[in-house]
Amino acid sequence: MLDINLIRNNPDLVLSDLKKRNDTEKLLWIDDILTLDKEWRTLKSKTDELRHRRNKVALEIGILKKEGKDASEKIKEAAEIPKKIEKMEKEMNAKREKIDYYLKRLPNILHDSVPVGDENSPIKVVGEKPQFDFEPKSHIDLAENLDIGDFERAAKIAGARFFFLKGKLTVLDFALQYYAMEFMIKRGYEPIYPPYMMNRKAYEGVTDLRDFEDVMYKIEGEDLYLIATSEHPLTAMYLDEILNPKDLPKKCCGISACFRKEAGTHGRETKGFFRVHQFNKIEQIVICKPEESWEYHEELLKNATDLFETLELHFRVVNICTGDIGTVAAKKYDIETWMPVQNEYREVVSCSNCTDYQARRLNMRYRTKEGNKFVHTLNSTCIATTRALVAILENFQNADGSITMPKVLRKYTGFEKIEKE
RNA sequence: GCCGGGGUAGCCGAGCCAGGUAAGGCGAUAGACUCGAGAUCUAUUGUUCUCUGAACACAUGGGUUCGAAUCCCAUCCCCGGCGCCA
């Protein structure tokens, strides 16, 4: 959410940002907000005056009664006031609701370095494409031939985009999680298991509202949603709190399953691990002072690139453009690993600085000499196991259909290879 | 799920029975004292606004009343006991 003061005092900045995003609809909102805000403030001062009068008269009544004098004249006056206030408040609330509707839907202000347009700009490449002297198989074929994954039976009992992991692939999924958690602990991040469900209030604090339809599973009859990522509970954790500056930055890594509807992606990657309704993810979170957030954004990216480098995967880092960045982030990097079968780079990590956008919606502040200020929130994938599994299966496959384990994972898997048994 | 007790500021906590301006302590910040620190003393320390002033705020939402932290109703959460339970 944007600061209403920013729109009052510097509407041009907000407008130029929306132009960068080519969001012509929301451009028109700003004038509307400014008008509504002005009207709302006028009403606010009028109702404040009425309340002042009511408070004053009520106090006078108390004094008169204590002195044993007649207060009926004052009581008559005071009894009239609440009706007037109520009428004005209705008008105010209608305006407030409209303002909030707009405010909640306006996107974050972008960082200057975000590329304008529809082209993400690559900023780094690590490693090289693996060379195969045979025709590489898709991870789906590899998993089915090795009998370490079952998509058909998962579809039978749960639907498309679900899967069973079996045998050594189950172990590999676990190994990835444990390796990533240990990696983050060594770098000073606290591991945290969050609740897998969250209520709407907390959810609206962390997410783009469109996500409710696109990604969220709702529990029927309850105010609960299955989490789409541990970023959500970990960021919402300090909802309505004022943090001690001594406790900042909060650096942690979330460990959880993630649940996503993947609405609007029918027909795309319906089989396999790439786009699924449920997967495991280790997530990095930083909650910090505003002046530190750009530094931590680079730190989160470095953690993720270092991790993927140790997994011996070839990847590139891209700076996400205004056309793809979404509502919440001020700047976002993706890591895309090379997928030899698809013959393209595909997203495995998303690393965002949300500045104070989530903090304002969550009312999450820290104490300073000049008063309470909103914190900045950042998040980045450390490893999403299913996408990493796709990359590992396809990049580490051998001519006989077996999979060699990346060296750093062998300590955790207990085996060097997955082969037909 | 049942019974009982609770939810007040960054934290602790009085006020609630009996409606009439939100005590006090800790912590934090500033100043005094000090070479400096500590101790001590003084001031400030919920939010917002069109800021010499005002409004709002005692878990959340309603209600009663001229006036609600206080009385009534509903909901959420916490603690204790009982029950159930992987």
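Chain naming here is simple, since letters A, B, ... match the order of the sequence lines and numbering starts at 1 in each. Just so we're clear, the structure is a prediction, and the values are computed from it rather than from any experiment.
- Residue E86(A) contributes atom CD, which lies 11 Å from atom P of G62(B) at whole-angstrom precision.
- When heavy atoms are screened at a 4.0 angstrom cut-off, A58(A) is found touching base atoms of the nucleic acid.
- At a threshold of 4.0 angstrom between heavy atoms, the contacts of K65(A) include nucleobase atoms, whether or not backbone atoms are also involved.
- Cation-pi contact between R346(A) and F274(A): present, with separation from the ring centre below 6.0 Å and deviation from the ring axis of at most 45°.
- Separation of the P atoms belonging to A74(B) and C79(B) is 23 Å when rounded to the nearest angstrom.
- Judged as a salt bridge (charged side-chain N to carboxylate O under 4.0 Å, His left out), the pairs with a partner in residues 323-336 of chain A (not counting sequence neighbours) are, in order, R316(A)-E336(A).
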### Summary
Given Watson-Crick and G-U pairs under 3.5 Å, RNA chain B in dot-bracket ([ ] crossing, | other strand) is ((((((((.[[[..)....(...]]]((((((.......))))))((((...))))..[[[[[..)....]]]]])))))))....
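- Residue pairs meeting the salt bridge (charged side-chain N to carboxylate O under 4.0 Å, His left out) criterion with at least one partner in residues 371-391 of chain A, sequence neighbours excluded, are E370(A)-K373(A).
- One C1' atom belongs to A43(B), the other to U50(B), and the distance between them is 29 Å to the nearest Å.
- Residues passing the salt bridge (charged side-chain N to carboxylate O under 4.0 Å, His left out) test with K56(A): none are found, sequence neighbours excluded.
- The nearest whole Å value for the distance from the CG atom in L248(A) to the C1' atom in G10(B) is 13 Å.
- At least one donor-acceptor pair closer than 3.5 Å links the side chain of R361(A) to the backbone N or O of K104(A).
- The salt bridge (charged side-chain N to carboxylate O under 4.0 Å, His left out) analysis of residues 292-303 of chain A, with sequence neighbours excluded, yields the pairs K251(A)-E299(A), K302(A)-D306(A).
- Separating the C1' atom of A68(B) from that of G63(B) is a span of 11 Å, rounded to the nearest Å.
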Polar atom pairs (N or O), protein with nucleotides 68-73 of chain B, under 3.5 Å:
none

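- With rounding to whole Å, K44(A) atom NZ is found 6 Å from C56(B) atom C1'.
- Look at CD1 on I85(A): it is 16 Å from P on A54(B), rounded to the nearest Å.
- When the C1' atom is compared between U47(B) and A32(B), the two are found 32 Å apart, to the nearest whole Å.
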Output one line per pair: protein atom, nucleotide atom from nucleotides 43-47 of chain B, and distance, for all N/O pairs under 3.5 Å.
| residue | atom | partner | partner atom | Å |
| --- | --- | --- | --- | --- |
| U47(B) | OP1 | N372(A) | ND2 | 3.1 |

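- Atom P of nucleotide U65(B) and atom NZ of K83(A) are separated by 11 Å, given to the nearest angstrom.
- C3(B) and U8(B) have their P atoms separated by 24 Å, given to the nearest Å.
- Evaluation of the side chain to side chain contact (heavy atoms under 4.5 Å, CB included) rule for E49(A) yields no partner, not counting sequence neighbours.
- Of the listed nucleotides (G67(B), A54(B), C56(B)), C56(B) has the atom at the smallest distance from the side chain of R51(A).
- One can place CZ of R41(A) at 14 Å from P of U48(B), the figure rounded to the nearest angstrom.
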### Task
Show your reasoning for whether salt bridge (Lys or Arg N to Asp or Glu O under 4.0 Å) applies to D356(A) and R360(A).
CA-CA 6 Å; D356(A) 60 2; R360(A) 185 168 288 111; 3.1 Å; yes
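- For residues 224-248 of chain A, the salt bridge (charged side-chain N to carboxylate O under 4.0 Å, His left out) pairs, not counting sequence neighbours, are K201(A)-D240(A).
- Contacts of E309(A) classified as salt bridge (charged side-chain N to carboxylate O under 4.0 Å, His left out), with partners at least two apart in sequence or in another chain: none.
- I81(A) has its CD1 atom 14 Å from the C1' atom of U65(B), to the nearest Å.
- Per the geometry, NZ belonging to K56(A) stands 19 Å off C1' belonging to C56(B), to the nearest Å.
- Here, U45(B) and U60(B) have their P atoms 23 Å apart, quoted to the whole Å.
- Distance from the side chain of A79(A) is smallest to C66(B) among A55(B), C49(B), C66(B).
- Dashed line: the shortest gap from a side-chain N or O of R367(A) to OP1 or OP2 of A28(B) is not under 4.0 Å.
- Where L43(A) and L59(A) each meet RNA chain B at their nearest nucleotide, the meeting point lying more 5' is that of L59(A).
- Comparing atom distances between the D48(A) side chain and each of A55(B), C66(B), C49(B) picks out A55(B) as nearest.
- Between the side chains of K281(A) and T229(A), a donor-acceptor pair is found at a separation under 3.5 Å.
- Distance noted for atom P between C72(B) and C12(B): 26 Å (whole Å).
- Judged as a salt bridge (charged side-chain N to carboxylate O under 4.0 Å, His left out), and not counting sequence neighbours, the contacts of K44(A) are D48(A).
- Ring orientation note: the planes of F212(A) and Y203(A) are nearly perpendicular, at an angle over 60° on the 30°/60° scale.
- Summary of the strand contacts: T42(A) and K74(A) both lie near RNA chain B, and taking for each the nucleotide with the nearest heavy atom, the more 5' one is attributed to T42(A).
- A57(B) and G67(B): their P atoms are spaced 14 Å apart (whole Å).
- One finds a side-chain N or O of N55(A) lying less than 4.0 angstrom from the OP1 or OP2 phosphate oxygen of C56(B).
- Not counting sequence neighbours, the partners of E144(A) by the salt bridge (charged side-chain N to carboxylate O under 4.0 Å, His left out) test are K271(A).
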